[in-house]
Amino acid sequence: MLRLSDIHKSYGATHAVRSVSLEAAPGTVLGLVGENGAGKSTLIKIVSGAIVADGGGIELDGQAVVPRSTRHALALGIASVFQELTLVRELSVEQNLFLTDPPVRPWLSIDRRRRRSVATEILARHDLDIAPDARVGDLPLGRQQMLEIIRAVERKPRVLLLDEASSALAATEVDWLAALLTKLRQQGSIILFISHRWDEIVRFCNRVAVLRNGELMAMAETDKLSEAEAVRLMTGQSGTDEAFPNKVAVHGDVALSARELRSDQLAGVSVDLRRGEILGLGGLVGQGQGHLLEAFFGAHGLSSGAILVGELPLDRPTPRRAIRAGLAYVPQERKTEGLLLLKSVGQNITLAILDRLRTLLGVIEPRDEADLIRKAIARAKVRTRGGGELVSNLSGGNQQKVLLEKWLLAKPSILLLNDVTRGVDVGTKRQIYEVIASIAREGVGVIWYSTDARELVGVAHRVLVMLGGRVSAELTGAEVTEDRIVHAAVMGSTPQAEVHA
Amino acid sequence: MKLKLLIRLALGAMALLASTAAYAEPYKIAVSNSYIGNEWRVQMIKFMEAYTAKNLKGKVELTVNNSGTDAQKQIAVLSDMISAGVNAILVNPASDTALDAVIEEACKQNILVIAFDQPVTAPCAYVVAVDFTEIGRIHAQWLADTLGGKGNVVINRGVSGFPADTNMNAGMTEVLAKYPDIKVVGEVYGKWDNAVSQQELTKVLTANPKVDGILNQYGTYGALQALLNLNRPLVAMSGQGENGWRIAMLDYKDKGLQGVSAGDPAVIGAYALKIAVDILDGKAPADKHVAVLVPTVTTAELKPGTNVFPDLSPTLDADTDIPGANLGLTIEDGTGK
Amino acid sequence: MSAIAVPRRLIGDRWSAIVFAVLLTLLILLKGRFTAFDLRSLCVAALQLALIALGQYLIILTRGIDLSLGPIASVSGAVMAIVIAGNPALGLMLPVAFGLCAGLLNGVLVVGIGLPPIIVTLATMSIWQGAALMVLPDPGGSVPSFYQAFFIGGFSSPYIGLVSLLAWGGIVSWVLSTRFGLNLRAIGGDELAAEMSGVRVRGVKITAYTLGGLLAAIGGMYMAISMSSGSPTVGDGYILTSIAAVVVGGVPLVGGRGSPLAVVMGALILTITASLLFFAEVSSFYQSLIDGCILLLVAGSAGARDFIRGLVRK
Amino acid sequence: MSLVDRQEDVKETSAPRRTPGLAAALPGLLILFSIGLIVFAERVAPGFASASNLMQLLKLASFLGLVALGQTVVMLVGGIDLSLAWVLTASAVLFTSICLGQDANLPLAAAAAIAIGVLSGLVNGFGIVKLRIAPIIMTLAMNNVMLGATLVYTGGNPGGGISPFIRAVATGSIAGIPWMVVLWAVVAFCAIVAIRYSRWGRRLLAVGENSRVSFLSGINNDAIVIGAYVFSGIMASVTGILFAAFSGASFLGMGDQFLLPAIAAVVLGGTSMFGGRGGYGGTVAAVFFATILSTVLVIGSISAGMRNVIFGVAVLAAVIAQKLLARGEDQSM
């Protein structure tokens, strides 16, 4: 039995968690839901030892425990998996699996042969098809996350914490996780699970706790809580699902076209994008979708192929040239590709448009810039103390808004989105859907890669499904359904009869 | 693979031929210098090359290597020289004791080793060097006499941790100890560099309004610049044989500058070379420590064109000979022009 | 679905070995032969640099840097030269203890207080430079020649030098093959991830600095042995060279990668260039020019290959 | 184009407030330390703290300050420049050899000297950016190349002379303030403003912090990094010219004394060696602090070894104090 009582944590004047009490019996998968900033992650981090609570107590099997660090928590039988992976990318799979307790020989050297055999056994037991000597950084994100999960499971914890641990998993990989959790539940583990995907909560959890503004709003059996009710509890407003905006039909000219793009990751991709169109990219994780977007933006080297922006060819593209041609690219990795974490919100927002700021002898006019930043923050409803605040102080969702606003300020005619709603709460997602829909209505062409098929169905006019570096299916109009996307992603094409129906 | 073997064989045969001829003339003499990044060392090497070209043509094959301030590297280079089978090694050592083992090894292989400029402690090596303590004594004695035995003095030392610095300083303090009215008000480390001397002396001068004399191991030109920049009176100074210092002694004579120039001459390398050839010819000097007299010049003794060169660079060492050595070199031999 | 990633071998250590082999071949071609005597002088000259560079390598693995290793070597050599003639046991133990303490001090300042390594070690560099001058104002002291014969071998016995060099490379390789070594790489790869995975980051990092100090001190002892005396400034030349040897060995300064043997190769490469310059009979004024060019060639060779490939592809 | 269409419910956000980072806290602290040292020195050597004396010290500091500006910029992009020692020397030597003591030759001589800095910076930048050579190796090698080139060019014997005009700039003063101090103040002001508030400064800091982010934001990383090394080369050349003028001649090795102090000043000034954080204000304060400290050590008649020890301890004390001051901030996030 895991029992949290009256947990408090505040940062300055902000109460991240206030007076939360909850308990979970062995064999429970407890889902924690709530918007970003609702306190889920803070709560999980307190249990995992990453941060220490200001007040309140944790009890595990009747014993009061105070995890002081992740390592201490592990010793107490609490293992955790976070959205930010804690694998060392430079090291191999087996090295990561046995980072702290490798098998050693009498003279203290690591016994590589035994490590290999045990690692192979573990990977096989968990049905994970990766080589034990593969470098973790070379694995697709989904595989890395699976590895992270089994590493935590292999520590045989009493309590397993999964914080957005499924965010990078593709559909088949989610099935894998479901099977794993079921097994753990049967073994009597206690699992705390955070996800933004309601369908996963329903599927994995037998109980669910709803948090809002750091407070526990409700605690219920999952099957007794409807989605609409959960959303109402999370947001404090009524409303269902992500409430996708209306799609408006498009008749624009071709804004962007690509012919036979080839590289080490792309096997001949041709795409046409019209003005005002939202073109979805789908498929399993790591089938070249991200590389395609990066290729348009000049961030992924092509061996052959041609790109036209409107009528003009984009030769030897670099991000600089691409931006001049009217493209904008919002990368997937917010913290390593999108934002400068040591810089302020304002400096991040204007980074891509430095050329267009009013300057005097190269020195940026401070008032002009501050005005621009203030407006952008207001428009995007970024929760911040101001443009001077460090962007790393913001919550994930607010960072995402800053990142999006940075590119919207560039007033692009073509917007490339790389899974921008990953790990983002429902409220922010809804805002993102609306703003993208509205700029598309203004004539901007959007290519939107998402790992969430339902999201593609909700936002895209047309969907290209990719497999193995090429487009395996194109779905338009009424064909855009979750089933078909998933089918094409796995099978490589849609059922013939239906395509021509 | 066969080609490589052939090349190797050919090169080996050449080396063998070369080594059979090793004991006859021309003598193969290798010079191992340590640091090369200052004017004095460069001039030293130029003098050696010029002396070879002028007086030892066809008699000596000279190779020069600069290994830097690192004694370890110099040990490696000396090993290479032994391995190359030279007849004599002239070494300006980076350390007086560090090279002993490799020098002993060279002696064992019948190679003549002469340490010049700085001494080494290996007993089998010849040493051709000035006595740095004596330079310090000459400077300090001159200053004490000039100041009439009383006044405030600043000492501009070299690089700490090097014997030349310790020895020159020992000579200076030994003499100054005899004059209780001379007070050392400051001690700086000019690192034997004009630019550093100027900076460090500027610091000590700003803190001491009354300074009557400056003893410089080196960097006297920089010391003078420090006084000029601060608009301070030109006090009595000592310095080495730098041309710039001697020019200044002439130029500022009327403004009351008094000075003495006495130091380690850059021709010392050429002198060591001369002695090396003498030994290889079978005319070894009686003592393994060849004393080198310190060329000393006061303002009255300056003669433009002989021991001071107003048209040439201030950084040159202005001594072209060592008392009693008769090397027959001119200042142009040291500039290489 | 097939197995996804291919094992990627690091070319770093192989590349530096190839470069060294090329330079060695060049030297042998220039010189016509390579005797036991040459082998001994190369190994002994590279030994001190290799030791300090190995210490530097452990620290660079954690994404740190240590500018104080050279001066630590100076102090330990000076202490050894002063003490060992009178008291052999103390003469061997005192420098070792000093190295451990000096390294620990760096570690505590960097990890315990959380100061940037470059500033901390810049400060301790100055402190140990000063301390060396206070212990031994001039080169001096003496190390009996027995130690030279025993630890690095005489001029006719090349193998002790070679064995010492390989042995220290081997010892550090062993250190890296332990759990400590794995954790060190993990920290260099991603400190936060390592911490969250349960690695004792602070302990491991402090240990790395301590071992770095120890290796530097042993390097200083070898210097004193090979010079039969101590010198207060002898380590200064290794402040930057030890970093250069690590980098030439193919280890990136951002941590996590490389192998100890590659570092030994780096030390050998930097040492052999002096011999190359001598045997190529390069005029003395051109020596530093060419020395710089060789360094560039060595360091740039891997990059140049990629760059030219890139040009050709375009 | 906005995330939300309705604007009325948006609360006005507070005015931008810069979080004072370490870089902001440190300069003040170093200046405070320096003032303490001056007060101490005045007690030991009365008259030390006079305006004219302090101006002389500032003049000395200005040369280090100028070189350290180049090093600051390079370290902001995550690099290091070890070649500045001999780039400085080579420039000084070339300058005097062309100038020959004539004002008429000044433009040509200055242009040639600065060309050295530009050229070496370009080569450094090219090697680092295109050939991916580690900066520490690239610039170390460049230092050797410059040393060799200077020796070959001069035959080890730098000659020529300083023209009266540039000599007046380096040694003269106006209204009791040395021209060098005026020059340094102007350069420092421009540099601080440029690094903090200009496009170039923003790009510099962006590349230094995360080159992937800056690349994806359309910044030409290669140009910025190469530019930083060129800038550092130019600063070394300019300092070489001025320092030769100050010394009245050029000497071999005159740049060596600046190398480690310049790096020390930059890191002590709070610029991260991994790039992306810091600025020139901290460097200026650190240069000032280091100059005062070394002067106090000189006038204190302390042995060479002890001077090194005290210098090291003082640097440690300064960074530890900075850390303690900054601790309060870290918790407020």
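Throughout, a chain's letter reflects where its sequence line sits, starting with A, and its residues are numbered from 1.
Residues passing the ring pair (Phe, Tyr, Trp, His ring centres under 6.0 Å) test with D/Trp200, sequence neighbours excluded: D/Phe231. In terms of the side-chain hydrogen bond (donor to acceptor under 3.5 Å, both in side chains) criterion, residue partners of A/His300 (sequence neighbours excluded) are, by chain and number, A/Ser263. Residues forming a side-chain hydrogen bond (donor to acceptor under 3.5 Å, both in side chains) with D/Tyr229 (at least two apart in sequence, or on another chain): none.
Between A/Glu294 and D/Arg212 a salt bridge is recorded (basic side-chain N to carboxylate O distance below 4.0 Å). With respect to A/Glu369 and D/Arg202, a salt bridge is recorded, a charged nitrogen being found less than 4.0 Å from a carboxylate O.
Using modelled atom types and a 3.5 Å distance limit, the side chains of A/Ser10 and A/Asp54 yield a donor-acceptor pair.
The line from CD1 of A/Ile307 to CZ of A/Arg321 is 12.0 Å long, rounded to the nearest 0.5 Å. A distance of 6.5 Å separates CD1 in A/Ile447 from CG in A/Leu292, rounded to the nearest 0.5 Å.
Listed options A/Thr318, A/Leu361, A/Leu354 were ranked by heavy-atom pairs under 4.5 angstrom with chain D; first place goes to A/Leu354. In terms of heavy-atom pairs under 4.5 angstrom with chain D, the leader among A/Val363, A/Leu340, A/Thr336 is A/Leu340.
Within residues 213-226 of chain D, the residues having any heavy atom less than 4.5 Å from a heavy atom of chain A are, in residue-number order, D/Val213, D/Phe215, D/Leu216, D/Ser217, D/Gly218, D/Ile219, D/Asn220.
For D/Ala206, the parts lying under 4.5 angstrom from a heavy atom of chain A are both the backbone and the side chain. Using a 4.5 Å cut-off between heavy atoms, A/Leu341 contacts chain D through both its backbone and its side chain. Only the side chain of A/Ile323 comes within contact range of chain D, with at least one heavy atom under 4.5 Å from a heavy atom of that chain. Proximity to chain D (any heavy atom under 4.5 Å) is shown, for A/Asn348, by neither the backbone nor the side chain.
A tilted orientation is assigned to the rings of A/Tyr329 and A/Phe297, their planes being inclined by 30° to 60°.
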